[in-house]
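In this chain, residues are counted from 1 in sequence order. If you're wondering where the values come from, they're calculated on a predicted model, not measured in any experiment.
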Amino acid sequence: MKNLLSKVFSKKAKIQIEFCQNNLDRFLNEQTISDYGKFLENPRIQYKEYECLSECKLCKKTPYAKVNGQIMSGEDSQDLLNKLYDELK
């Protein structure tokens with residue numbers, strides 16, 4: 001019984017995600033905007049968009065986000081989203 005209750009009431013940590021607006025503008029399209037919107041509705045996710053995260057070299061090459069202070073990038077915006085979903089597991 002205790003095991004069941006601990007599973008039901010266990011809290012998973014929130015994930016802090018920071019996005020660069022310039023990077024989002026560069027790499028997101030209408031489809032991926034919708035996919036990201038669905039992802040960001042998860043109550044475990046806290047996110048902020050900043051005008052710039054001062055990662056200009058990376059920003060020009062690939063979509064990225066800072067997840068709990070660590071940079072995470074993807075081959076394309078869908079790859080990044082898949083990696084963000086993996087962080088929820």
Any ring-ring contact (aromatic ring centres under 6.0 Å, His included) involving residues 56-83? Give me the pairs, sequence neighbours left out, ordered by first then second residue.
-> none
Taking all non-hydrogen atoms of both residues, which atom of [X] and which atom of [Y] are closest, and how far apart?
X	Y	answer
Glu18	Leu53	O-CD1, 3.8 Å
Ile17	Ala65	CG2-CB, 3.9 Å
Cys59	Cys20	SG-SG, 4.1 Å

Spacing of [atom1] belonging to [X] relative to [atom2] belonging to [Y], to within rounding of 0.5 Å:
X	Y	atom1	atom2	value
Glu87	Asn68	CD	CG	7.0 Å
Asn22	Cys56	CG	SG	8.0 Å
Leu58	Lys60	CG	NZ	11.5 Å
Lys83	Ser73	NZ	OG	5.5 Å
Ile71	Glu55	CD1	CD	3.5 Å

Please name all residues satisfying side chain to side chain contact (heavy atoms under 4.5 Å, CB included) with Asn82, sequence neighbours left out, ordered by chain then number.
-> Gln78
Name every donor-acceptor pair, under 3.5 Å, that has one atom in a side chain of residues 34-51 and the other anywhere in the protein, sequence neighbours excluded.
unit_1	atom_1	unit_2	atom_2	d
Asp35	OD1	Gln31	NE2	3.0
Asp35	OD2	Gln31	NE2	3.3
Tyr36	OH	Ser77	O	2.7
Tyr36	OH	Leu81	N	3.4
Asn42	OD1	Arg44	N	2.8
Arg44	NE	Ala13	O	3.2
Arg44	NH1	Leu88	O	2.7
Arg44	NH2	Ala13	O	3.1
Gln46	OE1	Gln16	NE2	2.3

Applying side chain to side chain donor-acceptor pair (under 3.5 Å) to Asn29 and not counting sequence neighbours gives Thr32
Co-membership, hydrophobic cluster, residues Leu80 and Leu24, 4.5 Å side-chain = yes
Give a yes or no on whether Phe27 and Tyr85 share a hydrophobic cluster (residues Ile, Leu, Val, Met, Phe, Trp, Tyr; joining criterion: side-chain heavy atoms under 4.5 Å apart).
-> no
Residues that Asp86 engages under salt bridge (Lys or Arg N to Asp or Glu O under 4.0 Å), provided they are two or more places apart = Lys89
The salt bridge (Lys or Arg N to Asp or Glu O under 4.0 Å) partners of Lys61 (sequence neighbours excluded) come to none
Expected output: side-chain Asp76 to main-chain Pro63 donor-acceptor under 3.5 Å | no
